[in-house]
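Structure, as structure tokens:
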There are 2 protein chains.
Amino acid sequence: MKDRRGGGRDRPGLSHEKVLRKALELADRDGLAALSIRSLAQGMGTKPMTLYYYVANKDQILDGLVDLVFTEIDTPEAGGEWKEQMRRRAHSAREALRRHPWAVGLLESRKAPGPATLKHHEATLGTLRAAGFTVQQTARAYSLLDSYIYGFALQEAALPIAGHEPTAEVAGPIMERFATGEYPHMVEIATQVVMQPGYDYGNEFTYGLELILSALEPAPAD
Amino acid sequence: MKDRRGGGRDRPGLSHEKVLRKALELADRDGLAALSIRSLAQGMGTKPMTLYYYVANKDQILDGLVDLVFTEIDTPEAGGEWKEQMRRRAHSAREALRRHPWAVGLLESRKAPGPATLKHHEATLGTLRAAGFTVQQTARAYSLLDSYIYGFALQEAALPIAGHEPTAEVAGPIMERFATGEYPHMVEIATQVVMQPGYDYGNEFTYGLELILSALEPAPAD
DNA sequence: GTTATCTTTCGTACACTGTACGAGAAGGGT
DNA sequence: ACCCTTCTCGTACAGTGTACGAAAGATAAC
């Protein structure tokens, strides 16, 4: 047989982490639906069943992908001003989820949070507690902030793929119904806001985030 | 051959809507992953390919499911006080998404909003506009509210299935790491909040919603 | 060197998925 | 009797995740 096992030093072989990294790459490039064991193996230059030596099953790969995404989110530090910490965390979370839109849909079905996910949550909770939030207040604030972040990411993922194209193809069949004047307010929003030259939906994120942060305060509220 | 075509009046035959309704039922009962064309056909007493007379493909079924869920959400009326309208809408949306948790993950990938979805959005936008929000303010408020609703539903869907069981099975493998004291704040939240006797995570929804509604006002803010 | 033991690769096979294609039955209109 | 529309479904195919077990390569024991 040929010399398998990779040609020496330049490809030191597979590993759990390399499988996950390649899976991330493929999911970003071709979408999560195109990520199959076979395509993943091909992308790594091996055969499908080889992957099962490094990974228990596909579900574990998906768990790993979610955890990889959490790796990219800024973890708050214990010292700084809490609102600024939460602001940074929120923005970096949104950006990570926009880089990997498929991760949002994955969140719903994951049952086993990975180490990066746990570390991230722990650090965030710690920052809030250190800022003077009670345990109950921390739970509430965290739920509120994360709900907003995930929800915004979900909406952003549901939007048409590219940025500011005419959205013609997607809206095509619906446009007929719009032309009937059935949805005047949606048309209003579309023409006066969304389709405006410099409009970027991402900016709306800041608005909502600041509104929430303004209303959040540790001690007084019960 | 036997007399197919359903025995007379009591089963008047299939229809697009009946297929969707059965799909909803199966998704609720066995989970979205268990919803296959074959299982759906069997549940309706037909053969797989028969469904394709009423439905273009599975993706259209999923689109229809999401639209069915929107059917269950209270649509705001033009007349009432806007905050109360938004409150009702938000709560009924959360409840609908809790009844059909799989719908949350589906939202990310749907590209063709159905009629009920469009009607719902249109009515909601109309209520905000009628309350004095400018077009831009409406877009922002809507984005904020929906992000919170969807995000909360996403988190709720990601929680362990039942309500207030010990969560032992899910947390099992992770518990070891918890025992090491690696995640003190998560333990704190778990013991002092989540695992408290009467605790219901759903109540946190109200807290965040009211916080957001309090900070939202039509005219003055820009 | 030889043999035994791990580590790592992967070929084959199975049950399952969505669905293209096309045959044919049921019923109505002429 | 004929056609035509409406509807049902059998067969087949390419794709999925993965169980099982055979083998090759590396390392250790003798």
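Not measured: the values here are computed from a predicted model. Every chain is numbered from 1 and lettered A, B, ... according to where its sequence line falls, protein lines coming before strand lines.
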Using nucleotides 16-19 of chain D, report all nitrogen or oxygen pairs with the protein that are shorter than 3.5 Å.
unit_1, atom_1, unit_2, atom_2, d
D/dT16, OP1, A/S36, OG, 3.0
D/dG17, OP1, A/I37, N, 3.4
D/dG17, OP1, A/K58, NZ, 2.8
D/dG17, OP2, A/I37, N, 2.9
D/dG17, N7, A/R38, NH1, 2.8
D/dG17, O6, A/R38, NH2, 3.2
D/dT18, OP2, A/Y52, OH, 2.9
D/dT18, OP2, A/K58, N, 2.8
D/dT18, O5', A/Y52, OH, 3.4

Classify the ring geometry of A/F70 against A/Y150: parallel below 30°, tilted from 30° to 60°, perpendicular beyond 60°.
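Perpendicular: the ring planes of A/F70 and A/Y150 meet at over 60°.
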Take the protein atom [atom1] of [X] and the nucleotide atom [atom2] of [N], then report the distance between them rounded to whole Å.
X	N	atom1	atom2	value
A/H16	C/dT8	NE2	C1'	17 Å
A/Q42	C/dT9	CD	C1'	17 Å
A/K47	C/dT8	NZ	P	19 Å
B/L40	C/dT19	CG	C1'	14 Å
A/Y53	C/dT8	OH	C1'	6 Å

Kindly state which residues belonging to residues 102-109 of chain A come within less than 4.0 angstrom of DNA chain C, counting heavy atoms of the residue only, listed by number.
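None, since no heavy atom is under 4.0 Å.
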Looking at A/S147 and A/S143, would you say the former's side chain and the latter's main chain have a donor-acceptor pair under 3.5 Å?
yes
Using the test salt bridge (charged side-chain N to carboxylate O under 4.0 Å, His left out), find all partners of [X] that sit at least two apart in sequence or belong to another chain.
X	answer
A/D146	A/R89
B/R110	B/D59, B/D63
B/E204	A/R140

Take atom CD in B/Q196; do more than 12 heavy atoms of anything else shown fall under 6.0 Å from it?
yes
Validation row, ring centre A/H121 to ring centre B/Y183 under 6.0 Å
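No; B/Y183 has its ring centre 6.0 Å or more from that of A/H121.
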Residue pairs, two or more places apart or on separate chains, that pass ring-ring contact (aromatic ring centres under 6.0 Å, His included) and touch residues 26-56 of chain B:
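Residue pairs passing ring-ring contact (aromatic ring centres under 6.0 Å, His included), neighbours aside: none found.
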